[in-house]
Undergrad: 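The structure follows.
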Amino acid sequence: MLSCRQLISSRLFQLRKKSILARVRASDYVEVLEEQGDLLKYPQVWLRDNCQCAECFHAATKARRSHWERGPLNVEVSQVTYNPEKKQLDIIWQDEHKSTFDLGWLRERDFGESTRKRYLEQVYKPSAQLWGKSEFKTVRREFQYQDVIQEDAVLKDWLEALAIQGFAILKGAPNDINVTKHLAKRIGYIKRTTYGDVFEVKSKPNAGNYAYLMTPLPLHTDMPYYEYKAGINILHTLVQSESKGGANTLADGFNVASQLQKLHPKDFEILKTVPVNWVDIGHDGNDSKPFHSLWRAPVICLDVDGRFTRINQNTTKRDSRFSVPLEQVVSWYKAYNKFLEIAQAEAVEFKTQAGDVFVFNNLRMLHGRTAYEDAPGNKRHLVGAYVDWDIIYSKLRTLKFPNAIA
Ligand SMILES: [Zn+2]
């Protein structure tokens with residue numbers, strides 16, 4: 001390595017005159033000192049792993065094609081130079097392999113905190129804007145159904161609202177039972193569940209689900225009993241109840257979790273660690289296949305970056321079997337009670353009209369409904385469908401970055 005560093009330092013003077021300086025430091029890193037003084041720093045192993053030459057990288061499929069038996073740990077840089085005309089870094093490795101890296105490509109992959117943060121926020125997932133009852137009016141976004149169907153820019157804004165505020169309302173949808181299907185198709189693909197590809201929410205004789213009654217529906221998320229829980233819920237109001245009830249209730253579950261964390265940190269810890277058994281046993285209607293869905297997960301789930309990623313809450317689907325040690329049970333109930341207390345205090349109420357499509361993040365939003373009364377000639381009727389976040393984020397990225405390269 002010493003000989004290599006001597007070789008590099010002999011070039012420093014020349015490079016410095018050209019304002020951008022590239023060098024190997026401490027054997028593990030290649031450093032690029034930019035004109036404005038920013039220092040970009042890349043592990044040699046990462047550069048070799050991500051060599052963009054035709055032998056190592058298949059551009060058409062954006063795939064690494066080099067086959068490392070144990071990873072590219074043992075090949076070191078022999079020579080590194082910056083080519084100011086081509087704005088690229090030229091590397092010759094000790095095994096005589098050659099790599100070139102475009103400076104712009106390298107900048108986008110800088111390991112510095114601000115570059116990483118920008119990528120995660122702009123490309124990976126936009127940060128959720130948590131909101132409480134008093135902020136509901138400012139976070140409430142409305143879009144015209146036809147604009148979402150016809151204009152990509154509006155589709156993008158709508159999907160961003162779902163990712164950031166967690167919900168949005170589409171106005172002016174036609175009186176057509178296929179509206180939710182059209183919206184799911186506009187995003188990508190519908191999610192099929194044990195309740196079909198679309199489900200009708202109306203009071204039904206022999207209801208197979210508590211939601212199909214006229215009783216109040218407490219704040220909940222759908223399908224906590226699925227490992228792959230439905231991402232968004234698309235609820236199209238075909239007929240709204242003329243009775244006093246039938247209003248939607250909504251609370252930002254991430255905000256509820258965040259408040260619990262601040263106000264009652266011990267209860268927060270319990271709700272994010274103690275797994276609850278969520279269950280759904282039955283059949284949807286008389287002619288469907290029977291199901292027995294079961295998933296164990298805490299009420300509050302965080303992702304690898306420590307951000308809220310999923311809330312599980314559904315009183316009607318919480319199993320009497322609670323598969324945790326006895327001593328965890330009572331403290332869990334106390335913590336759960338605090339969570340529900342905050343949720344109820346932060347819940348807003350509004351009533352959709354016929355032609356409204358209420359769409360929300362089912363991993364985040366606690367939602368419910370007030371009791372209502374059907375009358376002859378006025379039967380409340382909603383149609384719902386689900387789409388997964390993998391499909392939504394993918395669509396959002398293609399809309400935001402139509403010319404994305406690897
Ligand atoms: Zn290569």
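Remember, it's 1-based here, ligands and their atoms both numbered in the order they're listed. From a predicted model like this one, the values you see are computed outputs, not experimental measurements.
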Undergrad: What's within reach of the Zn ion (ligand 1), meaning protein N/O/S atoms under 2.8 Å?
TA: Cys51 SG, Cys53 SG, Cys56 SG, His97 NE2
Undergrad: Search all heavy atoms of His236 against all heavy atoms of Gly355 and return the closest pair with its distance.
TA: NE2-CA, 4.3 Å
Undergrad: With a 4.0 Å cut-off, would you call Asp95 and Arg48 a salt bridge?
TA: yes
Undergrad: Is Asp102 paired with Arg107 through a side-chain N to carboxylate O contact shorter than 4.0 Å?
TA: no
Undergrad: Show the nearest heavy-atom pair for residues Tyr372 and Ser241, with the distance to one decimal.
TA: CB-OG, 3.8 Å
Undergrad: Any salt bridge between Asp374 and Arg380, counting N to O under 4.0 Å?
TA: no
Undergrad: Who pairs with Lys171 by side chain to side chain donor-acceptor pair (under 3.5 Å), at least two apart in sequence or on another chain?
TA: Asp356
